[in-house]
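Right, one structure below, let's go through it.
Per chain, numbering begins at 1; letters A, B, ... match sequence-line order. As the structure is a computational prediction, the values presented were derived from the model and not from experiment.
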Amino acid sequence: MIKKTFSCMASQCEVLIDTEDPIIFESYFSKIQTEAYRLEHKYSRYREDNIVYQINHSSGNKVKLDDETSSLIDFSLQCYKMSDGLFDITSGVLRKIWSFKKTDQENTEPPDSQKIKECLKKVGMHRIQWKSPYLKLEPGMEIDFGGIVKEYAVDKCIALFSKESPAALINFGGDLSVTKAPRSGSWSVAIEELFNSGDARAHIDIKNGAIATSGDTYRFFEHDKKRYSHILNPKTGWPVSNGVATITVQAETCTLAGILATVSHLQNNPAQFLKEQEAQHWITNYNRPL
Amino acid sequence: MKYVAALVFLVALQGCATAPVEPWDKDLLSEEKMTFGSDAIQKSYEQHTYFSKEATSGGSGFSGGGCGCN
Amino acid sequence: MQLKPKTIKKIKSSLALATTVLLTGVSQGHAQDTQIADAPPPSATKWTGAIANLYYSETDRVTAIEPVINLNAEFSGERKWSNKLVVDTLTGASHNGAVMSRNPQTFTSPSGSSNYTIAPGNVTLDPTFKDTRIALSSSWSQPLGENYEWSVGGNGSKEYDFTSLSVNSSISKNLNNKNTKLSLGVSGEFDSINPVGGAPVGLATMSPTKPTLGTTESKQVFDLLLGWTQVMSRSWIVQLNYNLGHSSGYMNDPYKFTSEVVAPGAGNAGDPTGTYFYDKRPDSRTKHALFIDSKYHLGGWGIVGTSYRYFFDDWGVTSHTADISYHVPISSRWYVEPSFRYYIQNKADFYRYFQVQGQSLPQEMSSDYRLGDMTAMTIGLEFGRKLDSYGKEISFRAQLYTQQGDSSPSEAYGFLTSQDLYPKLTAVIGQVIYKF
């Protein structure tokens, strides 16, 4: 088993391949790195030379998308419909009016309802004009793939392995997937969020499939002694206040696990939602201050 | 007298301006028909016609050159 | 807070299906994606333009057909290159300035080689009027730094007796979160006039061997434009412009003249004497125009556009122009747009209907109906259809233009009182524009 890490998408990226041959490992590792950097370059909202920048600065004009981005838009639209609008890649603009601090700092006041109302006018997949491959946003709207690009990258890298390849585990900042069971029988994975909170269920053994986590124990919004997650509801413009800090979901692919984690986080009762979906899940809550 | 009227009008107009409109509120203003300069072909036809039939010209943009219109 | 638990939809399997489509559907494109991993996004040049035609026809007078081709290229970084080709074909008869009479009148054509006679009671029109004009214009505009935009352009036009070349440039600044735009523009035009038969000496009398100034005359026109565009609210935008213009050089109309009429007291007072004086205007003109334009969006009820222009110059002409249009979408694709324009003008100081025989000639004199007291109205209706949601559109507009002045001014006397000294002008206008 050889393991190597690199930095990408603001995360520690880890690759484990069940082989003793460094040349075989390197050939897979370099392909994984290339693919991860490619997707980071292409879908980062901090760059000015990619399709995301073009879309977000199109001032209401149509933009012609490549096949991959078109597929992502198709997919995002489907998720939007299936989640009743909770999964929405146009909700990124809301982050401009909210500021989420770390635990040891003061939170500012929430933005007033008028400001939220005005910002919400620029949120909503129903406002986009999409006729593949042409995308047209209303001026002021933005597309942010940040909610799925890491999970999507994991799945694209997993696809580099075939049935005959050695078993591999790819972990991009906690969103991970495995190709198949290693020679030792299963992969032992520690879910970081649970691990940090000392939860005994932190270790799990997986033979196939993927895990993705939504939320953050350390970033939240506190107002009137109530803690709000930094996950914003695209319909209300407010962060969720169900007390849930992180949700980890297991599913066949990392993208699917990620969508389920995000959508469930916005439910009033995430545990019940995930139980209905028959998806294995682990939830951590914010500890209420005394 | 005409200059005074124009000045009063300008000041009144300034007073009417409301708070700046945020970029995400410019949905209506971004429509083609809400911009000055849409209908450029139509305007140039009109300018040419009225320049040939009346004594007045100018006021909005530069007409594309003159013509010996009789 | 929910009153009853909503049934949780089982979405996992359909989400799983969607994910499969996403992940497998794209894998074919994977190979080419890795190749272009570091390539910059394609800077798509956006091509737009229009093909249009105008049909203008005055009752018994001039008819013009004017096709236009426009082609624009928008490059990355909001840089735009616009081009336009105009062909203007003019035929028919144009008013020559003479008064109407109860007797036939004979005029020499501009070339001096022929005559034409106007029967009594007919409007004095020169039927030898025929011309084709070709004009080409091109302009370039681009941002300059964070808040400025700059443009430069040139035009050239050529017709049988007239050549024009002009250049213009403007700079504008965006302020106030792009809610205010201030602009400054200048232009210079250089015209070369080569009238048929030569430019007649102003105030000389009409004859086949008219005295001419030489064969080519010139004129220069300079313009300054100050503009202020202001977003007033989410639904309302206003523009205010001031235009200062100065022209100098050959300002006369070489094809127009003033009739000399028999002085009052005679038996045939008011009849034309058969002498006609060629048009003579000052050799410079300074004009001012103040223009305000407004567009108001009524949500689903359409857009109302209104504008007003106040004009005055040193020839004594003052005018008011008011315009209103109402753009109404009548379905997701079709729209209708009625419009109305009202124009009123005060005559130039040197405009006169006729010259009384025996009286001394003034320094400048013109009977060009376009410089007289008049009012004009245009009523129009436009239909348009959007062909796609990216700007492709076709539209049709029909307009009726009427112009009238004082047919019986107080100056009239004798037989002049029974003549229409400012015949009404009526024109139908048809316009087709295809935008892509």
Side-chain angles (χ1 to χ4, degrees), chain A residues 31 34-35 37-39 41-42 49-54 59 61-64 66-68 70-72 74-79 81-84 87 129 131 134 136 148 151-152 155-156 158-160 251-260 263 267-269 272-279, chain C residues 1-48 72 74-78 80 143 174 177-179 231 234 332 386 388-392 436:
Chain A
K31 287 204 191 88
T34 305
E35 181 65 357
Y37 287 139
R38 177 185 80 82
L39 286 167
H41 185 293
K42 193 171 179 183
D49 56 354
N50 59 12
I51 189 71
V52 169
Y53 185 81
Q54 264 198 311
S59 315
N61 295 312
K62 70 180 179 200
V63 180
K64 188 172 181 189
D66 57 277
D67 288 340
E68 184 175 37
S70 295
S71 300
L72 280 168
D74 282 333
F75 176 73
S76 303
L77 206 51
Q78 280 209 292
C79 292
K81 288 177 191 161
M82 284 190 264
S83 66
D84 288 327
F87 181 81
Q129 283 182 49
K131 194 170 175 195
Y134 293 102
K136 196 179 186 202
I148 49 168
E151 293 89 337
Y152 175 70
D155 286 333
K156 293 284 277 166
I158 288 288
L160 293 166
E252 297 90 84
T253 60
C254 203
T255 309
L256 178 61
I259 302 280
L260 283 170
V263 174
Q267 307 291 329
N268 284 328
N269 194 335
Q272 196 189 2
F273 174 82
L274 285 167
K275 204 163 122 189
E276 280 293 313
Q277 306 305 327
E278 290 166 12
Chain C
M1 212 11 227
Q2 289 180 162
L3 295 172
K4 63 169 191 250
K6 238 165 54 170
T7 329
I8 297 169
K9 281 194 301 189
K10 282 203 172 60
I11 57 171
K12 185 169 156 224
S13 49
S14 34
L15 276 174
L17 191 63
T19 341
T20 312
V21 170
L22 170 72
L23 295 170
T24 55
V26 186
S27 57
Q28 295 127 333
H30 175 69
Q32 69 205 75
D33 283 342
T34 42
Q35 279 161 11
I36 59 163
D38 295 309
S43 55
T45 306
K46 191 172 147 193
W47 290 93
T48 58
N72 308 313
E74 276 176 52
F75 305 106
S76 64
E78 286 173 52
K80 187 169 169 183
N174 284 309
N177 208 1
K178 286 200 172 171
N179 283 304
V231 167
R234 192 177 152 252
S332 64
K386 286 198 236 213
D388 69 12
S389 47
Y390 303 106
K392 214 185 239 181
F436 56 85

Closest contact, heavy atoms only, C/Leu22 versus A/Leu72:
CD1-CD2, 3.7 Å

What are the two closest non-hydrogen atoms of A/Cys79 and C/Leu15, and how far apart are they?
SG-CD2, 3.7 Å

CG of C/Leu23 to CD of A/Glu151: how many Å apart, nearest 0.5 Å?
11.5 Å

Would you compute the distance between atom NZ of C/Lys10 and atom CD of A/Gln277 and round it to the nearest 0.5 angstrom?
7.5 Å

Smallest heavy-atom separation, C/Lys46 atom then A/Asn61 atom, equals NZ-OD1, 3.5 Å

Where A/Glu278 and C/Lys12 come nearest, the two heavy atoms and their spacing:
O-NZ, 3.3 Å

Roughly how far apart are A/Gln78 CD and C/Leu17 CG, rounded to 0.5 Å?
7.5 Å

For A/Thr253, is it the side chain, the backbone, both or neither that has a heavy atom under 4.5 Å from a heavy atom of chain C?
side chain

Test item: C/Thr19 and A/Phe75 side chains (from C-beta on) under 4.5 Å apart, heavy atoms
yes

